[in-house]
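Structure, as structure tokens:
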Number of protein chains: 2
Amino acid sequence: MCPAKISESAVRRLSLYLRVLDAFELAGKTTVSSGDLAERGGVTPAQVRKDLSHFGSFGKRGLGYPVSELRERVTEILGLGRRWRVGLVGAGKLGAALFFYDGFRGQGFDVAAIFDNDPDKIGQRWGRLVVEDIESMDRVMRTSQVEMGIIVTPAVSAQQVADRLIASGVEAILNFAPTRLQVPPGITLRNVNLEIELESLAFALTHENGA
Amino acid sequence: MCPAKISESAVRRLSLYLRVLDAFELAGKTTVSSGDLAERGGVTPAQVRKDLSHFGSFGKRGLGYPVSELRERVTEILGLGRRWRVGLVGAGKLGAALFFYDGFRGQGFDVAAIFDNDPDKIGQRWGRLVVEDIESMDRVMRTSQVEMGIIVTPAVSAQQVADRLIASGVEAILNFAPTRLQVPPGITLRNVNLEIELESLAFALTHENGA
DNA sequence: GTTCGTTTGTGATTGATTTCACAAGCAAAG
DNA sequence: CTTTGCTTGTGAAATCAATCACAAACGAAC
Ligand SMILES: NC(=O)c1ccc[n+]([C@@H]2O[C@H](COP(=O)([O-])OP(=O)(O)OC[C@H]3O[C@@H](n4cnc5c(N)ncnc54)[C@H](O)[C@@H]3O)[C@@H](O)[C@H]2O)c1
Ligand SMILES: NC(=O)c1ccc[n+]([C@@H]2O[C@H](COP(=O)([O-])OP(=O)(O)OC[C@H]3O[C@@H](n4cnc5c(N)ncnc54)[C@H](O)[C@@H]3O)[C@@H](O)[C@H]2O)c1
């Protein structure tokens, strides 16, 4: 009923369902079937039902799921019933794009601190924040109660940045540097590697048989 | 021996091995074992051998794989033995970060055109390129022979941008907009959804039992 | 040339995830 | 109150991916 062992891909699908539910709620629908969710989410109805059933029985047979209530439940399941404080390390091009992106705030994620090690960057005012010296991370992290870290430094610095984040109490890291980070057990790490995405497209184009 | 059906995750691991091979070659090693590759890639030796065996026998028993030759072979397999021309749609914050990032060029990907629909953006000079009107995509795409598209427009425009890209002959799309795109069979689509990444971190932090 | 230590390549096995298929449940209509 | 038409929730089955385990192959040593 509750959480035994949920696969990473099942969690990602929940995020997807949440977005579809938002759209349905906005459109004024009060109930959705697993078929509706599946169609808009690009999965099968059975998959939707199985994913949701891991966390409880939210639907009514013959009717479907109540949109508003299911949205609340999935929000809760994903841990989005609160706001999360994020620390951004690397005040470069990608760091700026992420910081000035509004979408995250809407989902409950607030960038609460920015760090860099370049004297030219340190002290710059970014919106309501000031770029901090990475040397003062420990102090800043504790006062701003940051819980997640995003790494957007060059690959060579990424491991030491990760170590610092962990030392400052961060337990979840999103890494954009194209390098494999080593983290102790208990720390959650996700990598976004755009080079791998492009290479996977190159592979697909190279090996397409039909089409 | 050659390609039957390679799983998406196996392809992504090949990209990983390639990076590890680069490092080994730089370090002057001439041969590597599956164990070496596995350690540096964060997978098991058996996985490495299985992944590679889908495409042929590149190693010598008792010895390992010749670094330089394996690197060439994997490069070839991934379709990276040539350069790829990429079209970027959306000259915004993320588009700029991607365009001015050097890493892609090093892997064989060249941004050959940038498009936007904002009159203020159209005509801007970005490096050696000029931001083009999306209305002239068809013409520009053909003259610059673009093969892949990257979508970094707001979500509401993403589907129509995808349709245009496909109409212009693009068969592979990397989409950063947080929306599920519909593409016909034969078109390869990869999504990068940073909100899902953050939400998956939130889920992990919320449901961590031990630690 | 035989032995020895090592490492590949791969069929068999285990494990995880997805799909199937259907009983159980609900609302609405008669 | 019973029938009808849908849709859920979920074990069982099927599919897909990862791991194991070992024979075959190779170089080096002697
Ligand atoms: N820009 C992109 O589109 C893009 C695409 C794919 C991957 N990436 C990866 O994302 C990362 C950042 O890319 P970018 O384009 O923003 O680079 P960038 O050079 O613009 O920014 C990097 C920033 O990190 C800072 N930095 C360096 N070492 C540091 C340290 N030890 N501690 C704190 N800050 C440090 C630098 O001062 C700089 O401000 C890189 O690893 C890159 O490979 C970027
Ligand atoms: N910036 C980020 O860090 C970030 C993070 C996650 C996701 N995203 C997603 O990436 C996309 C781009 O984000 P951004 O921050 O660069 O936004 P942005 O507003 O800075 O840039 C979007 C650009 O797209 C252009 N555009 C709009 N409609 C268009 C159309 N029909 N054809 C061509 N161009 C069009 C706009 O003129 C603008 O220049 C969005 O979908 C966003 O949700 C961005």
Side-chain angles (χ1 to χ4, degrees), chain A residues 1-17 20-21 24 29-71 73-74 77 180 196 200 203, chain B residues 1-17 20-21 24 29-71 73-74 77 196 200 203-204:
Chain A
M1 196 66 113
C2 272
K5 197 66 216 299
I6 310 300
S7 76
E8 175 57 21
S9 33
V11 173
R12 301 172 85 87
R13 282 193 298 269
L14 287 183
S15 290
L16 207 70
Y17 304 154
V20 175
L21 286 167
F24 275 127
K29 289 202 71 166
T30 58
T31 61
V32 282
S33 67
S34 57
D36 296 336
L37 281 169
E39 192 182 353
R40 295 285 297 268
V43 297
T44 66
Q47 180 101 81
V48 172
R49 295 200 297 276
K50 181 71 90 178
D51 285 341
L52 294 176
S53 77
H54 290 131
F55 300 94
S57 299
F58 310 125
K60 276 204 168 54
R61 301 181 183 210
L63 242 176
Y65 302 88
V67 172
S68 173
E69 190 193 314
L70 183 60
R71 206 180 63 87
R73 293 306 322 265
V74 175
I77 290 166
R180 183 143 294 260
I196 288 184
S200 128
F203 177 87
Chain B
M1 199 63 113
C2 271
K5 196 69 213 299
I6 310 300
S7 76
E8 175 58 20
S9 34
V11 174
R12 301 171 84 87
R13 282 193 298 271
L14 287 182
S15 290
L16 206 70
Y17 305 154
V20 176
L21 286 167
F24 275 127
K29 289 202 71 166
T30 58
T31 60
V32 281
S33 68
S34 57
D36 295 337
L37 281 168
E39 193 182 352
R40 295 283 299 267
V43 296
T44 66
Q47 180 101 78
V48 172
R49 295 199 297 277
K50 180 73 91 180
D51 286 340
L52 294 176
S53 77
H54 290 132
F55 300 95
S57 299
F58 309 126
K60 275 204 169 53
R61 302 183 181 206
L63 209 81
Y65 301 87
V67 172
S68 173
E69 189 192 315
L70 183 59
R71 205 180 64 87
R73 293 306 322 263
V74 175
I77 290 165
I196 288 184
S200 127
F203 177 87

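As a basis for the values below, the full set of heavy atoms in this structure was taken, side chains included, without hydrogen atoms, waters or symmetry mates. Letters go in sequence order (proteins before strands), and every chain restarts at 1.
Here the P atom of nucleotide C:dG25 and the CZ atom of A:Phe58 are 19 Å apart, to the nearest Å. What separates OH of A:Tyr17 from P of D:dT8 is a distance of 12 Å, to the nearest Å. Here C:dT17 presents its P atom at 14 Å from CG of A:Leu14, a figure rounded to the nearest Å. The interatomic distance linking A:Phe55 (CZ) with D:dT8 (C1') rounds to 18 Å, in whole Å. Across the protein-nucleic acid pair, A:His54 atom NE2 and D:dT10 atom P stand 10 Å apart, rounded to whole Å.
A cation-pi geometry, defined here as NZ or CZ lying under 6.0 Å from the six-membered ring centre and within 45° of its normal, does not hold between B:Arg73 and B:Phe55.
For B:Arg61, there are no salt bridge (charged side-chain N to carboxylate O under 4.0 Å, His left out) partners, not counting sequence neighbours.
Residues A:Ser34 and A:Tyr65 form a side-chain contact, since some pair of their non-hydrogen atoms from C-beta on lies under 4.5 Å apart.
For D:dG9, the OP1/OP2 oxygens have a side-chain nitrogen or oxygen of A:Tyr65 closer than 4.0 Å.
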Under 3.5 Å, which N/O atoms of the protein pair with N/O atoms of nucleotides 25-28 of chain D?
unit_1: D:dC26; atom_1: O4'; unit_2: B:Arg61; atom_2: O; d: 3.4

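Considering CD of A:Glu8 and CZ of A:Arg13, their distance stands at 10.5 Å, rounded to 0.5 Å. In this structure, CG on B:Asp51 lies 8.5 Å from CD1 on B:Ile6, to the nearest 0.5 angstrom. Note that CG of B:Leu16 and CG of B:Leu37 are 9.5 Å apart. Values are rounded to the nearest 0.5 Å.
Taking both residues in full, the closest heavy atoms of B:Ile196 and A:Ser15 are given as CG1-CB, 3.7 Å, listed atom of the first, atom of the second, then distance. Closest non-hydrogen pair, B:Leu14 versus B:Ile77, comes out as CD1-CG2, 3.8 Å.
With distances taken from any side-chain atom of B:Ser33 to the nucleotides C:dT8, C:dT10, D:dT8, the minimum falls on C:dT8.
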Subject >> Contact letters for nucleotides 15-22 of chain D, in which S counts primed atoms plus P, OP1 and OP2 and B counts the base, heavy atoms under 4.0 Å >> reply: --SSBBB-

